[in-house]
Participant: 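Handing you a structure now.
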Amino acid sequence: MVIFMLLKKSKIKLYKFYYFLLIFFFRLTFNLKSDFLSSLIILISIKRIKKVSQNSKNSKNILIFSKVGGIDDVITAYQKKKNKKINFFIIHRIFFRIIYNRYFSKTNLRDYSYKINTKKLEDLSKKYSRKIDYYLSFINKFYNFKSIISFNPFYKAERIIQKNSKKHNIKFIVLHKESVNSKYDNKVLEYLYSNKIEKFEGEAIATYSNLEKKLLINSGFIDKKKIVTVGSPRCDLSYQYRKISPDKDVITYYMLETQRGVPGYFLGGLSKVEKRILCERLKLNVNDLKINWNDLNKKTIGYCIDYAKKNKDIKIIFKGKQSTHTRSDLPSNLPENCTFIKDGSGHELLKKSKIIIGFNSTIILEAMLANRSILVPYFNFKEINKKKDFIIDFNNKNYWVKTRSDFFQKIDKLIKNKYKYKKLSKPEKKILVQFIGNSDGKACKRLIKFINSSIR
């Protein structure tokens, strides 16, 4: 087992080094303006996802722009179903970000604030568009992709790709996984979708929830005929975990994103004046944009470490988000029974963990589906409760822990409890449907239907 784990870690390191070299040489050739060599490197970087592909000449090819949670949705949906129709391939989004930054790095275009409304931006867009056309044309000579799959329709580097893919007979579809937002998130997003984003130019969007679907339609971002709700496919897997007993001595803290649920999270592309106008229109306090959960995160980390020191037989895992957290977010001298993990989506951790700790995170919903014990840190309750409009309301008061002693006592009690299977309650189903459109474990079937329709 130890040898297997070492080999697995070695493969991961080699894989990362391989892509580091590809990205390094792509930057080099791109800066030297060698489009042929740059496109060749992109071509080499494209890999087939063997788990869910049928290596057949009659299969149709789909290219996926990589994102961990999104890839898991596709793999979960297709892994258990014999797939005779599709070969899935993956490409790193960083190549397109490098190209995009050549033209737009000194502009104010951002993921959630993207409008080509000046002569300068129009000229830059034409140059970027020509470059994208070259690369798409080059790689499609070899793969004849029928579709491109992205996981957010607002990624700035992909906005022009939505439009240009049509020229190459490629359907650009989005499995939009962003749907778990606070009350004020949705206010801000509705404003941005209506005023700061150009209309969607791809083929179709699948969302997790009807709430997000309505937000996108009502803002005019997309025609209602182009959008469907499928739910969260990877949560089907969480639903299956209900029948699996977790390890009795494992606790996983899915580390806080310190601006999650706070309106400022989406406003990186707005000037101070625009932010002030937005706040006035939405009746927000400008100072609210500076709210964060840094103190709550530090306390939660500290209490987890304290518990680990007093309970050597309990393993505590700190699960960081790939784009957000690093090992330096934790003390250098962690107890031996504490581990930091950043890579991957964390499904295996959910499967084996007896207790899940999270805040303003989809993991609370996934843990609900999986029938895992849940703790939501609410330390300094009075101060936290003043920010309730920035807290995603999962109807989860039973999960709150307000003090260090409460935290320790609840963990002690939950660790000792024997695991028992139970059905989802009506309140749980209501919350799950609201945020991730999935309390029936059938999102995979809906996603497969959506993707298959894109290659007809």
Side-chain angles (χ1 to χ4, degrees), residues 62 64-65 67 69-70 73-74 77 110-117 146-156 158-167 169-236 266 278 281-282 362 365 392 429-440 442-456:
I62 291 181
I64 299 177
F65 287 177
K67 187 172 179 64
D73 280 338
V74 175
R110 298 292 184 273
D111 287 347
Y112 288 88
S113 179
Y114 190 102
K115 275 204 167 186
I116 307 300
N117 52 11
K146 298 299 180 183
S147 289
I148 289 174
I149 294 178
S150 176
F151 300 106
N152 188 317
F154 305 109
Y155 290 146
K156 57 189 179 184
E158 297 171 18
R159 293 290 298 167
I160 286 175
I161 302 175
Q162 291 175 13
K163 183 178 180 179
N164 286 28
S165 58
K166 295 175 186 176
K167 301 178 189 176
N169 295 316
I170 303 171
K171 293 180 178 179
F172 191 103
I173 64 173
V174 178
L175 315 183
H176 184 40
K177 55 186 290 297
E178 310 297 338
S179 64
V180 182
N181 301 311
S182 70
K183 175 183 174 182
Y184 273 97
D185 276 340
N186 285 330
K187 278 190 172 185
V188 168
L189 286 173
E190 186 176 16
Y191 171 83
L192 293 176
Y193 293 173
S194 301
N195 299 283
K196 304 301 292 184
I197 307 286
E198 294 175 343
K199 194 168 182 177
F200 177 65
E201 300 214 49
E203 182 73 17
I205 295 177
T207 65
Y208 277 6
S209 72
N210 281 325
L211 185 64
E212 182 67 11
K213 178 184 174 182
K214 288 177 183 176
L215 204 60
L216 292 168
I217 292 171
N218 292 342
S219 67
F221 178 71
I222 189 170
D223 188 288
K224 64 181 179 181
K225 294 179 182 178
K226 288 187 171 186
I227 188 167
V228 297
T229 301
V230 298
S232 171
R234 72 177 185 275
C235 287
D236 282 5
F266 297 104
L278 182 146
R281 185 174 297 188
L282 301 182
T362 309
L365 302 170
I392 303 171
K429 286 183 178 181
K430 184 178 178 181
I431 288 295
L432 289 164
V433 169
Q434 179 183 344
F435 285 102
I436 54 173
N438 185 10
S439 67
D440 57 6
K442 296 179 181 178
C444 287
K445 289 182 180 179
R446 293 188 286 269
L447 178 64
I448 288 170
K449 183 179 178 181
F450 173 76
I451 292 177
N452 286 349
S453 69
S454 78
I455 57 174
R456 288 174 186 165

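Not measured: the values here are computed from a predicted model. All values below were derived from every heavy atom in this structure, side-chain atoms included, with hydrogens, water molecules and symmetry-related copies excluded.
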Participant: For the atom pair OG1 (Thr207) and CD1 (Ile227), what is the distance rounded to the nearest 0.5 Å?
Facilitator: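 These two atoms lie 5.0 Å from each other.
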
Participant: Begin with the C-alpha distance, continue with both residues' side-chain angles, and end with the deciding distance and a verdict on side-chain contact (heavy atoms from CB on, under 4.5 Å) for Leu211 and Asn186.
Facilitator: CA-CA 9 Å; Leu211 185 64; Asn186 285 330; 3.9 Å; yes

Participant: Pairs in or reaching into residues 212-231: which pass salt bridge (charged side-chain N to carboxylate O under 4.0 Å, His left out), with residues at least two apart or in two chains?
Facilitator: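 For residues 212-231: none.
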
Participant: Determine the minimum heavy-atom distance between Asp236 and Cys444, stating which atoms define it.
Facilitator: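 Heavy atoms only, the tightest pair is OD2-N, 2.8 Å.
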
Participant: Does any N or O in the side chain of Asp73 come within less than 3.5 Å of the main-chain N or O of Arg234, such that one atom is a donor and the other an acceptor?
Facilitator: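 Such a contact is found between Asp73 side chain and Arg234 backbone.
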
Participant: Within the structure provided, determine whether Leu189 and Tyr191 are in side-chain contact (heavy-atom separation under 4.5 Å).
Facilitator: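 Leu189 vs Tyr191: side chains apart.
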
Participant: Write down the atom of Cys235, the atom of Ile436, and the distance for their closest heavy-atom approach.
Facilitator: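 Heavy atoms of Cys235 and Ile436 come nearest at SG-CD1, 3.6 Å.
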
Participant: Any luck finding a side-chain donor-acceptor pair between Asn152 and Tyr112 under 3.5 Å?
Facilitator: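 Asn152 vs Tyr112: donor-acceptor pair found between side chains.
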
Participant: How close do Ile392 and Ser182 get, counting heavy atoms only, and between which atoms?
Facilitator: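 Closest approach of Ile392 to Ser182, heavy atoms only: CG1-N, 3.6 Å.
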
Participant: For the atom pair CG (Leu216) and CD1 (Ile222), what is the distance rounded to the nearest 0.5 Å?
Facilitator: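 Here the rounded value is 7.0 Å.
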
Participant: Looking only at heavy atoms, which two atoms of Phe435 and Ser209 are closest? And how far apart?
Facilitator: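 Scanning both residues completely, I find the closest heavy atoms to be O-CB, 3.5 Å.
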
Participant: Can you tell me how far apart OH (Tyr208) and CG (Leu175) are? Round to the nearest 0.5 Å.
Facilitator: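 The distance works out to 8.0 Å.
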
Participant: Go through the structure and list residues passing side-chain hydrogen bond (donor to acceptor under 3.5 Å, both in side chains) with Asn210, not counting sequence neighbours.
Facilitator: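 Partners of Asn210 under the side-chain hydrogen bond (donor to acceptor under 3.5 Å, both in side chains) test: Thr229.
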
Participant: How many angstroms lie between CG in Asn164 and CD1 in Ile148, if you round to the nearest 0.5 Å?
Facilitator: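 Separation between the atoms: 9.5 Å.
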
Participant: Please round to the nearest 0.5 Å and tell me the distance separating atom CZ of Phe200 and atom NE2 of His176.
Facilitator: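 Here the rounded value is 10.5 Å.
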
Participant: Asp111: which residues meet the side-chain hydrogen bond (donor to acceptor under 3.5 Å, both in side chains) condition with it, sequence neighbours left out?
Facilitator: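 Residues passing side-chain hydrogen bond (donor to acceptor under 3.5 Å, both in side chains) with Asp111: none at all.
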
Participant: Any donor and acceptor pair, going by atom type alone, linking the side chain of Ser113 with main-chain N or O of Arg110 inside 3.5 Å?
Facilitator: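 Absent.
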
Participant: For Tyr193, which residues count as a ring pair (Phe, Tyr, Trp, His ring centres under 6.0 Å) partner, sequence neighbours excluded?
Facilitator: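 Tyr193 satisfies ring pair (Phe, Tyr, Trp, His ring centres under 6.0 Å) with Phe154 only.
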
Participant: Taking only residues two or more places apart in sequence, or in another chain, which ones meet Tyr114 in a ring pair (Phe, Tyr, Trp, His ring centres under 6.0 Å)?
Facilitator: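 Per chain and number, Tyr114 pairs via ring pair (Phe, Tyr, Trp, His ring centres under 6.0 Å) with no residue.
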
Participant: For Ser150, what residues pass the side-chain hydrogen bond (donor to acceptor under 3.5 Å, both in side chains) criterion, not counting sequence neighbours?
Facilitator: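 Checked Ser150 against side-chain hydrogen bond (donor to acceptor under 3.5 Å, both in side chains); matches are Glu158.
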
Participant: Using side-chain hydrogen bond (donor to acceptor under 3.5 Å, both in side chains) as the criterion, list what pairs up with Gln162, not counting sequence neighbours.
Facilitator: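 Per chain and number, Gln162 pairs via side-chain hydrogen bond (donor to acceptor under 3.5 Å, both in side chains) with Arg159.
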
Participant: For Lys166, is the NZ atom crowded, meaning more than 12 foreign heavy atoms sit under 6.0 Å from it?
Facilitator: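 Count over threshold, so yes.
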
Participant: Hey, could you give me each pair passing salt bridge (charged side-chain N to carboxylate O under 4.0 Å, His left out) that has a residue in residues 443-455? Not counting sequence neighbours.
Facilitator: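 Listed once each, the pairs are Asp440-Arg446.
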
Participant: Got Phe450 and Asn452 here, is their nearest side-chain heavy-atom distance under 4.5 Å?
Facilitator: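 In short, these two side chains do not touch, never coming nearer than 4.5 Å.
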
Participant: Can you check whether Phe221 reaches Leu215 side chain to side chain, under 4.5 Å on heavy atoms?
Facilitator: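 Sidechains of Leu215 and Phe221: no contact.
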
Participant: Can you tell me if CD on Gln434 sees more than 12 non-hydrogen neighbours from other groups inside 6.0 Å?
Facilitator: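 For Gln434, atom CD is crowded (more than 12 foreign heavy atoms under 6.0 Å).
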
Participant: If I take atom CG from residue Asn195 and atom CG from residue Leu278, how far apart are they, to the nearest 0.5 angstrom?
Facilitator: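 Here the interatomic distance stands at 8.5 Å.
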
Participant: For Ile173 and Ile205: C-alpha separation, side-chain torsions, deciding distance, then whether side-chain contact (heavy atoms from CB on, under 4.5 Å) applies.
Facilitator: CA-CA 6 Å; Ile173 64 173; Ile205 295 177; over 6 Å; no

Participant: Who passes side chain to side chain contact (heavy atoms under 4.5 Å, CB included) against Asn117, sequence neighbours left out?
Facilitator: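 Listed in chain order: Lys115, Leu121.
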
Participant: For Phe65, enumerate each residue passing the ring pair (Phe, Tyr, Trp, His ring centres under 6.0 Å) test, keeping only those at least two apart in sequence or located in another chain.
Facilitator: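 Listed in chain order: Phe96.
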
Participant: For residues 192-203, pull every pair meeting salt bridge (charged side-chain N to carboxylate O under 4.0 Å, His left out), keeping only residues two or more places apart or in separate chains.
Facilitator: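 Of all non-adjacent pairs touching residues 192-203, those that pass salt bridge (charged side-chain N to carboxylate O under 4.0 Å, His left out) are Lys196-Glu274.
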
Participant: Taking side chain to side chain contact (heavy atoms under 4.5 Å, CB included) as the test, write out the residues that go with Ser147, two or more places apart.
Facilitator: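 Only Ile62, Lys171, Ser454, Ile455 meet the side chain to side chain contact (heavy atoms under 4.5 Å, CB included) criterion with Ser147.
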
